[in-house]
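Reminder, nothing fancy here: chain letters follow the sequence lines and each chain counts from 1. As the structure is a computational prediction, the values presented were derived from the model and not from experiment.
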Amino acid sequence: MKLTLWTYEGPPHIGAMRVATALTDVHYVLHAPQGDTYADLLFTMIERNGRRPPVTYTTFQARDLGGDTAQLFQDAVSGAYERFQPGAMLVGASCTAELIQDDPAGLSAALALPVPVVPLELPAYQKKENWGAAETLYRLVRSLVTPRPRAAGDATASVRRPLCNILGPTALGFRHRDDVTEIARLLGQIGVDIHVVAPLGASAADLSRLGEADFNVVLYPEVAGPAAQWLKKSCGQPMTSVVPIGIGATREFIAEVARLAGIEPPAHLIGAPSRAAWYSRSVDSTYLTGKRVFIFGDATHAIAAARVARDELGFTVVGLGTYSRESAREVRAAASQYGLEALITDDYLEVEAAAAALHPELILGTQMERHIAKRLGVPCAVISAPVHVQDFPARYSPQMGFEGANVIFDSWVHPLMMGLEEHLLAMFRDDFEFHDKAASSHLGHTSAPVVAAATAPAAAPVEAIRQASPATVPADATAADGVRWDPDAEKELLKIPFFVRGKARRNTERFALQKGVNTISVGTIYDAKAHFGR
Amino acid sequence: MSAMPDRGCTEQATAVKLVRSARGQREVFCGLTGIVWLHRKIQDAFFLVVGSRTCAHLIQSAAGVMIFAEPRFGTAIIDERDLAGLADVNDELDRVVEQLLSRRPEIKLLFLVGSCPSEVIKLDLGRAAARLSRSFEPRVRIRHYSGSGIETTFTQGEDACLASLVPTLVTSERRQLLIAGSLPDIVEDQFRRLFAAMGLDAVAFLPARRANEFPEIGPGTDVLLAQPFLADTGRALTERGCRLLTAPFPFGAEGTTAWLKAGASAFGIGEAAFDDATRDARSRAEASVARYAPELSGKRVFFFPDSQLEVPLARFLSRELGMGLAEVGTPFLHRSHLAAELEMLPADTVVVEGQDVEAQLDRCRAEKPDLTVCGLGLANPLEAEGLTTKWSIELVFSPVHGYEQAGDLAELFARPFVRRLRLAV
Ligand code: SF4
Ligand code: SF4
């Protein structure tokens, strides 16, 4: 038993729903009590789907438990088949139905429906959402695709362009819709045609044709990994390993795809004009150098973000972690490249404590970290699920490919102070317009001073009705235990521009503690500055 | 139960209205959802769900996710070790409670909230609460109730919570009016002022804002229910010797007047004193409701079942705003608590108790109502089909009771139309 306040991932059947909802004609019958229907609103509200998720819940009640919940389940399956006429069905149990052991697989098989019915075993007391999505896609692929070992040099391959599937995008995925558009276009430019995109937008019939492609592009390994492995083994389809997030990775992706397709990568693509690269080299970006970033998310996005942060923006990665224990190994390996110990946890309080201790200047995370960042008064950008309504923007905003790199540049840099602006603030800091409480004009609420950061986010209407309780995170500006500031040092501190003052104070106190200095003098400030100087 | 044939609709003409009962698939929250507003109301209480990751995800999704640094609710997630008997579930629960209470010393009242999984594995939270009380009373009081989806629908979670408190309240013979059902503080204060103006100061509220402010009750207590979903709470209060007053519920000017009057009459307050105390607020309410009548009158509204507020709200919309009622769905109809409300509905109103969601969607599409009141899972899909909708959850989360909120309540229903009119896209 574990005490949980907020969770990064839902139960595994939510993952199954993300797959079912992404598909066009697959219906999911979930043996579950009525309250579990809350899951529909994730799709209809957060993603603003205009279609109900294709899910029938049996909604058994206590009075049914003594009787025949199995019959109830069978009726729900045949009723859903009659009404929705799906191309294939998924059947399974949620946490409660798992305990009553009604055997959805056997019960639905007994109905002998004229469409494939794929039973899902998603252990709700062990596994979580991403695992559920991956398992669901894998089960569907296994049931619908006929294995076809590929002879080397498939006869048709020579007379047409190379053909690939794109695997992994689901409903409720972070920017999946736009990533697919971006990567499909890129593949076209490389000279590869797209056979099936799955699950997003695919039908059951499309899934059954997956084996005909030459290889698979795995966009989201968390979801598509097991299915792609099976296709590799059973249909001889190789798969991509590079996730094209960032300029460097996109170039590697192009090279990998070209190799799998057996074609020359177009030279103009490899040297592709990405505005992000130039923006990053332009002088205004100098101020980005060495900004401390804390990164947390699903494994794929966290690892990719760390690379982009260091290599393409010149940041310093001070923390890297993931909530997906399944991918702990990969994230640990990545973290070691930055000289870091990876943070593997699904407890947001631990993430908050780690972030607070590392004094980052930018947090890249999920919507959970957005709230942590608000409380810490640190700028933040979202890089990974779990996401909320504002992470489904109306405009085109992929994370992948060259356009994705541009989007990333904008969305990570905008929360920060502009370079020239930082410079001007320093010059004019004594003018009356410039004081600690005046935020720079392009910044929204994220630049509010720490004290103000406890106000409620008002993005979702339901939330706006309520108000936040006071933040429990202590403001960082009070002196650390046992260290005093002498009055001259206090005055000197006030001469430091306000947007770096907090850091100067913390660094000085940290330095004083390390050196056993009890009273901070003006000298201590400069000793600390020299010590931490970068 | 429940083979195919007895799902669907059965009709039954009550004394006044046609009430159908529907059985089938439901699209409603479970009782855990009540924690979202209850924990705000009782400011030193913590709600610990003993359940699964699904339960944790439900509350988080209903709450709109992470508004509070550390919320006063959480889930003790049962895992495979507990189920396989590798860990003793009761010991595990004790450990989690200890961990929680040592981290949160400000908590004075802890609710262990049962879920479907805890009920199916027959985890006895009553015994757990008694056991833990021995270690933590008097610092923390520990109570339990079930918010499970197999037992409770949405607002029934609040009913179960309040009903669990009633037997623990101290007995008092004192003559007083008790208002049961959680209301926003601002609304409570308005009601308190109105009764005080009539000369009635002995007014108590259940739940109270803090654990040590819970009312004493007994034979001198007359109860006004502020919410229509308090079946068990009402019964528990009667068992303690309290007298339940029956009245329409305080929605809209008319409902609020009738509700206040039921309280006033029980305490012998005369017409004149009542009118003097309520006149101003009442005419303010009538005027602010009337502002929305042009938008709403003559339009037809269809309610999907959600909070049990549907019948009183339908009465308000039909009588004070002139709306037509296409169908009034409600998850559960408490016939005696709602007797006065049913009386006031137009004679041909169709009230449907329970749900068979696909059939109901078919009826709704066929009806093409001007406004559909439904849950968040259905609202956008119905909008995409061209229907105008109002999310029902907002009716539970916003202050809508009493005179001063009557205009806001009308506005909630008018807003979707106003928006449609404004938009040119
Ligand atoms: S319906 Fe049951 S299992 Fe589902 S969230 Fe509610 S209490 Fe938990
Ligand atoms: S503020 Fe609201 S909308 Fe924004 S991420 Fe948080 S919960 Fe979601």
Do you know which of [options] has the most heavy-atom pairs with chain A at a distance under 4.5 angstrom?
options: B:Pro381, B:Gly377, B:Gly149; result: B:Pro381
options: B:Pro117, B:Ala384, B:Gly375; result: B:Pro117
options: B:Val89, B:Leu378, B:Thr153; result: B:Thr153
options: B:Ile121, B:Ile77, B:Thr152; result: B:Ile77
options: B:Ala379, B:Ala56, B:Cys30, B:Cys116; result: B:Cys116

Go through the atoms of [X] and report whether side chain, backbone, both or neither lie under 4.5 Å from a heavy atom of chain A.
X: B:Glu358; answer: both
X: B:Ile78; answer: both
X: B:Val120; answer: side chain
X: B:Asp88; answer: neither
X: B:Glu383; answer: neither
X: B:Ala76; answer: both
X: B:Arg26; answer: both
X: B:Val49; answer: neither
X: B:Asp79; answer: both

I'd like to verify something: which residue of [options] has the highest number of heavy-atom pairs under 4.5 Å with chain B?
options: A:Thr37, A:Asn49, A:Asp40; value: A:Thr37
options: A:Pro386, A:Gly50, A:Pro33, A:Pro53; value: A:Gly50
options: A:Gln74, A:Arg48, A:Lys128; value: A:Lys128
options: A:Gln34, A:Arg51, A:Met45; value: A:Gln34
options: A:His13, A:Met1, A:Glu98, A:Arg83; value: A:Met1

Option among B:Ile35, B:Thr75, B:Leu48, B:Ile59 that satisfies the side-chain contact (heavy atoms from CB on, under 4.5 Å) test with B:Val113 =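 With B:Val113 as partner, B:Ile35, B:Thr75, B:Leu48, B:Ile59 yield a single side-chain contact (heavy atoms from CB on, under 4.5 Å), made by B:Ile35.
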
Test side-chain contact (heavy atoms from CB on, under 4.5 Å) on A:Met17 and A:Phe43 and set out the steps.
-> CA-CA 9 Å; A:Met17 281 184 70; A:Phe43 298 88; 3.7 Å; yes

Between [X] and [Y], is the gap from one ring center to the other below 6.0 Å?
X: B:His57; Y: A:Tyr38; value: yes
X: A:His31; Y: A:Phe73; value: yes
X: B:Tyr145; Y: B:Phe111; value: yes
X: B:Trp391; Y: B:Phe397; value: no
X: B:Phe29; Y: B:Phe154; value: yes

Where does [X] contact chain B at under 4.5 Å (heavy atoms): side chain, backbone, both or neither?
X: A:Leu3; result: both
X: A:Arg52; result: both
X: A:Glu9; result: backbone
X: A:Thr4; result: both

Salt bridge between [X] and [Y], side-chain N to carboxylate O under 4.0 Å?
X: B:Arg95; Y: B:Glu98; value: no
X: A:Asp64; Y: B:Arg23; value: yes
X: B:Lys41; Y: B:Asp185; value: yes

Are A:Arg18 and A:Glu129 close enough, and set up right, to give a salt bridge (charged side-chain N to carboxylate O under 4.0 Å, His left out), and what steps lead you there?
-> CA-CA 9 Å; A:Arg18 286 173 48 192; A:Glu129 178 176 335; 2.9 Å; yes

Candidate pair A:Phe84 and A:His27, rule ring-ring contact (aromatic ring centres under 6.0 Å, His included), full reasoning | CA-CA 8 Å; A:Phe84 299 105; A:His27 198 88; 4.3 Å; yes

side-chain hydrogen bond (donor to acceptor under 3.5 Å, both in side chains) evaluation trace for A:Asp75 with A:Gln71 | CA-CA 6 Å; A:Asp75 292 344; A:Gln71 183 64 49; 3.0 Å; yes

Go through the steps for A:Lys127 and B:Glu80 under the test side-chain contact (heavy atoms from CB on, under 4.5 Å), then give the verdict.
-> CA-CA 10 Å; A:Lys127 301 291 190 185; B:Glu80 40 172 350; over 6 Å; no

